[in-house]
Each structure stands twice: as C-alpha cells, then as structure tokens.
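As structure tokens, the structure follows; a few thoughts come after it.
Below, all heavy atoms of this structure are taken into account, side chains as well, without hydrogens, waters or symmetry copies.
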Amino acid sequence: MLALVAGFAVIGCDGAAEFPVLDCTSLDIRVAGRSLVGIEDIAQYDGRQLILSAQNRKDVSVSPKGLFLFDTAQRGAVVTATRVTPEADPLVPHGIALEVETSSIYAVDHSEAQARIIRYDMTGGSKRIALSPEIWTDDAPYPCNLNDIAAAPGGRILATNDRQSCSWFGRLLDNVFGRENGAIIELNVDGTASILADGLFFPNGIAVDGGDVWVAQTRAKQITHVQSGAALVFAGGPDNISPSAYAQRHWVAVIPSLFRFSLMIAGLSDYSPSLVSAFDEDINTYAVTEFSGATTVVEMAEHLYIGGAFAQGLAKCKRPDA
C-alpha cells in the first residue's frame, strides 16, 4: 500500500517507510503514433538526448520495440522518439550501455532462448554480435540470463548474468531457494570473455566509474562495490544504475516490494510502488507516486527521467537538489 502524508510517501506491506515525493509529470512517448511501453533501460546519448530500450512484455504487437532516440528538449505531455534500430530488427532489448569513444550502443538481446549482446554503430547503422553461445570462450557455462551492461575503460564491456540456470525450471528453483549464483561477465576487445565476479544474489544494474565497478544485487537489496566487497543497503531491490553530474554519485531505481513487482510480472497486478535513490557514501531515497514499477532512472540537467519494465512512457521529475 502507498499513501501520501504531508508530501511524503508511506509505503506499507513490505515494511513501513517514509520518503519525500518527487515532483513529476508523465510523458507519453510515441513512435509513428504508437506509445512506447516497457522502457526497461535508459542511456544518456549527449547533453539532451536519451537512448531508450523498450519492449512491451505483455503484448509486443501493440507497442514498438527496440532502441529509440528521445530529445528531452521537447515540451508537452505527448512527445516523440525516433528509431535507432529498424522495425524489422528482431532485437528484444534489455539493458543498454553507450560506448562514448566509438559512438556505439551495446544492448542485451532476449530475442533468442539464450540472451546475447549486440553492438550497434550509432553513426553508420551497422551491427554485430558481441557475445553469443557460439563465440563464448570461457570454460564456465554460457551466461544465458544476461541482464544489464556497462562500458568499461580499455574498450571492455561488463554485463550481469542474474541467474546461472538456463531452463525455466532451473530459474524457478533459483528464485524459490534464493540461490546466489549470478555473475558479472567481462567482454574484452579481442572478443574473449570471462567471469569477473560470481556468487551474486540476482545481479542486475551495473555501473563503472573509472576503476570502480558497482553492481546491484536486487534480491539482496544492496549495491556492492565489486573491488572491495563493501555494500550499501537500500529500502528495496535496486535495479539499473546511472551516473550523476556530481562526481562519485549515482542514481538507481529501487523496487520497494519485490513481492508486488513479482505480481505485476505475473499479470496479477497492474501496480508496483516506485522509489529512486541517489547514492555515494550516503543514500537519499525519493518516492515516485504516480509511476508503477520503476526500473531505470537517468539524470539530465535539472530533471530525472524514470522508466519501468511494464509502464507506459516515462516520468519526468524535478531533480530534488536542483
């Protein structure tokens, strides 16, 4: 349950907590007249444009899927985005990351039984498969549950594999018994790949800041600094992580009730509460009361743009410290 009390959100059922409420408006983002649903992840492209990773998990036939470019300078509640990937591209996108030096976007693709990583050239429009079962070089089992992705120094790509099991039954057992068998995959410039870290509890969002790697362990409700093992504990399950304009600060979407979110995934509920947190050495958490199931948040100038794996469009919120 979620109620408003004097400008604060009170989230119950999963543990009472009070958080200041962000001042937000809803954006209906349309491509060729159709609204985007399920903006799973967002990447900053330049000083005003965002790359959106979108797929309608409930009915892919009614909403566009793929990667899209959105200009935040647009005004109004109904805005437009343009395609990065053509409509005929089979890509079913999940986490994305921009490699600034080469103007390339890397996307986790769930169009096949075992997830892949695909690299798109933003300037030339070409694409290539960066990781798939056919080109996996490590002795460990192929990471078939790739989730999020981040560009790292030296042309490396890091990706999270949230569970080890590849069958639906194995993934069910992973969930039921809380198996800590997720991993971080390192993809090198020579095409080789290896396990950077394992034994993680549903690793989800990942961020690289210089030599530091941060990973969200959603089911552990914490974000872990990979090099030191130090962890920050959140008011729910952290999801995708993005940088802030302030040095060493990041934003993360937080799922306060994993149970409520699971009901939404199963189609048994249309709403799951949303939180976002800014973190460095400290954590500042805010409620997004008019938006369901936030999974990603990105800072752009004086605003935050928030998307959700099942939500329509974006929430555009005033940055609390602006």
Side-chain angles (χ1 to χ4, degrees), residues 38 40-41 43 53-61 65-67 84-86 88-97 99 104-121 126-152 156-206 215-219 239-240 262 265-266 295-296 309-310:
E40 174 89 24
D41 200 8
S53 168
Q55 56 157 316
N56 187 333
R57 296 192 187 193
K58 293 184 177 179
D59 190 349
V60 72
S61 66
K65 69 172 177 64
L67 304 182
V84 174
T85 53
D89 193 315
L91 173 74
V92 177
H94 210 68
I96 57 175
E99 188 178 57
S104 300
I105 187 78
Y106 285 82
V108 171
D109 174 30
H110 284 188
S111 65
E112 298 189 357
Q114 300 194 76
R116 307 179 299 172
I117 296 175
I118 299 181
R119 176 186 180 273
Y120 290 88
D121 182 349
S126 62
K127 75 172 189 177
R128 67 173 175 84
I129 297 174
L131 183 64
S132 70
E134 293 76 22
I135 56 178
W136 176 245
T137 57
D138 196 85
D139 291 334
Y142 180 73
C144 53
N145 297 299
L146 295 169
N147 191 318
D148 196 23
I149 192 168
R156 297 174 300 127
I157 297 297
L158 304 183
T160 53
N161 189 57
D162 54 49
R163 289 156 296 180
Q164 186 179 66
S165 302
C166 293
S167 68
W168 72 267
F169 185 68
R171 288 193 291 267
L172 175 64
L173 294 179
D174 287 344
N175 291 339
V176 170
F177 292 104
R179 294 171 174 168
E180 299 181 15
N181 59 8
I184 299 174
I185 311 303
E186 183 174 35
L187 181 61
N188 300 302
V189 291
D190 62 1
T192 60
S194 59
I195 305 295
L196 177 66
D198 56 12
L200 303 174
F201 199 7
F202 204 97
N204 196 335
I206 187 168
V215 62
Q217 297 189 71
T218 301
R219 298 194 68 181
D239 204 307
N240 290 329
S262 297
I265 292 174
T295 58
T296 183
F310 296 88

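The side-chain contact (heavy atoms from CB on, under 4.5 Å) test with Asn204 singles out one residue from Thr295, Asn240, Asp162, and that residue is Asn240.
For Ala183 against Ile195, the heavy-atom pair with the smallest separation is CB-CG2, 4.2 Å. The minimum heavy-atom distance between Asp109 and Pro90, with the atom names listed, is OD1-O, 4.4 Å. Nearest heavy-atom pair across Asp148 and Gly205 is OD2-CA, 3.3 Å. Between Arg171 and Ser165 the shortest heavy-atom distance is CG-O, 3.3 Å. Tyr106 and Arg119 make their closest contact through OH-CD, 3.2 Å (heavy atoms, listed as atom of the first residue, atom of the second, distance). Between Ala150 and Ala97, the shortest heavy-atom distance links the atoms CA-CB, 3.7 Å.
Proximity of Ser132 to Glu112: side-chain heavy atoms (C-beta onward) are nowhere separated by under 4.5 Å. Side-chain contact between Asp174 and Phe202 is absent, with no heavy-atom pair separated by less than 4.5 Å. You'll find the side chain of Arg163 reaches within 4.5 Å of the side chain of Asn181, heavy atoms only. Side-chain contact check for Leu158 versus Ile149: every heavy-atom pair is 4.5 Å or farther apart. Side-chain contact between Glu40 and Pro93: absent, with no pair of heavy atoms (C-beta onward) separated by less than 4.5 Å. Residues Lys127 and Asp89 are in side-chain contact: their nearest non-hydrogen atoms beyond the backbone lie under 4.5 Å apart. Taking the side chain as every heavy atom from C-beta outward, Gln55 and His94 approach each other to under 4.5 Å. With a 4.5 Å cut-off on side-chain heavy atoms, Trp136 and Pro141 do not count as touching.
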Just do the side-chain contact (heavy atoms from CB on, under 4.5 Å) check on Ile157 and Leu131 with the steps written out, would you?
CA-CA 10 Å; Ile157 297 297; Leu131 183 64; over 6 Å; no
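Judged purely by atom type and a 3.5 angstrom limit, Asn145 has no side-chain atom pairing as donor or acceptor with the backbone of Asn161. Distance alone, capped at 3.5 Å, places no donor-acceptor pair between the Ser53 side chain and the Gly95 backbone. Formation of a donor-acceptor pair under 3.5 Å by the Lys65 side chain with backbone atoms of Leu91 is found in this model.
Counting non-hydrogen atoms of neighbouring residues, nucleotides and ligands closer than 6.0 angstrom, the CG atom of Asp59 exceeds 12 such neighbours.
Here the straight-line distance linking atom CG of Leu196 with atom CD1 of Ile206 works out to 7.5 Å at 0.5 Å rounding. Interatomic distance, Leu67 CG to Ile118 CD1, rounded to the nearest 0.5 Å: 9.5 Å. Atom CZ of Arg128 sits about 10.5 Å away from atom CD1 of Ile117, to the nearest 0.5 Å. Ile135 contributes atom CD1, which lies 7.5 Å from atom OH of Tyr142 (distance to the nearest 0.5 angstrom). In this structure, CD in Glu99 is found 10.5 Å from CG in Asp121, a value given to the nearest 0.5 Å. To the nearest 0.5 Å, atom OG1 of residue Thr137 and atom CG of residue Asn188 are 8.0 Å apart.
Checked by atom type, the side-chain pair Thr296/Asp41 shows a donor-acceptor distance below 3.5 Å.
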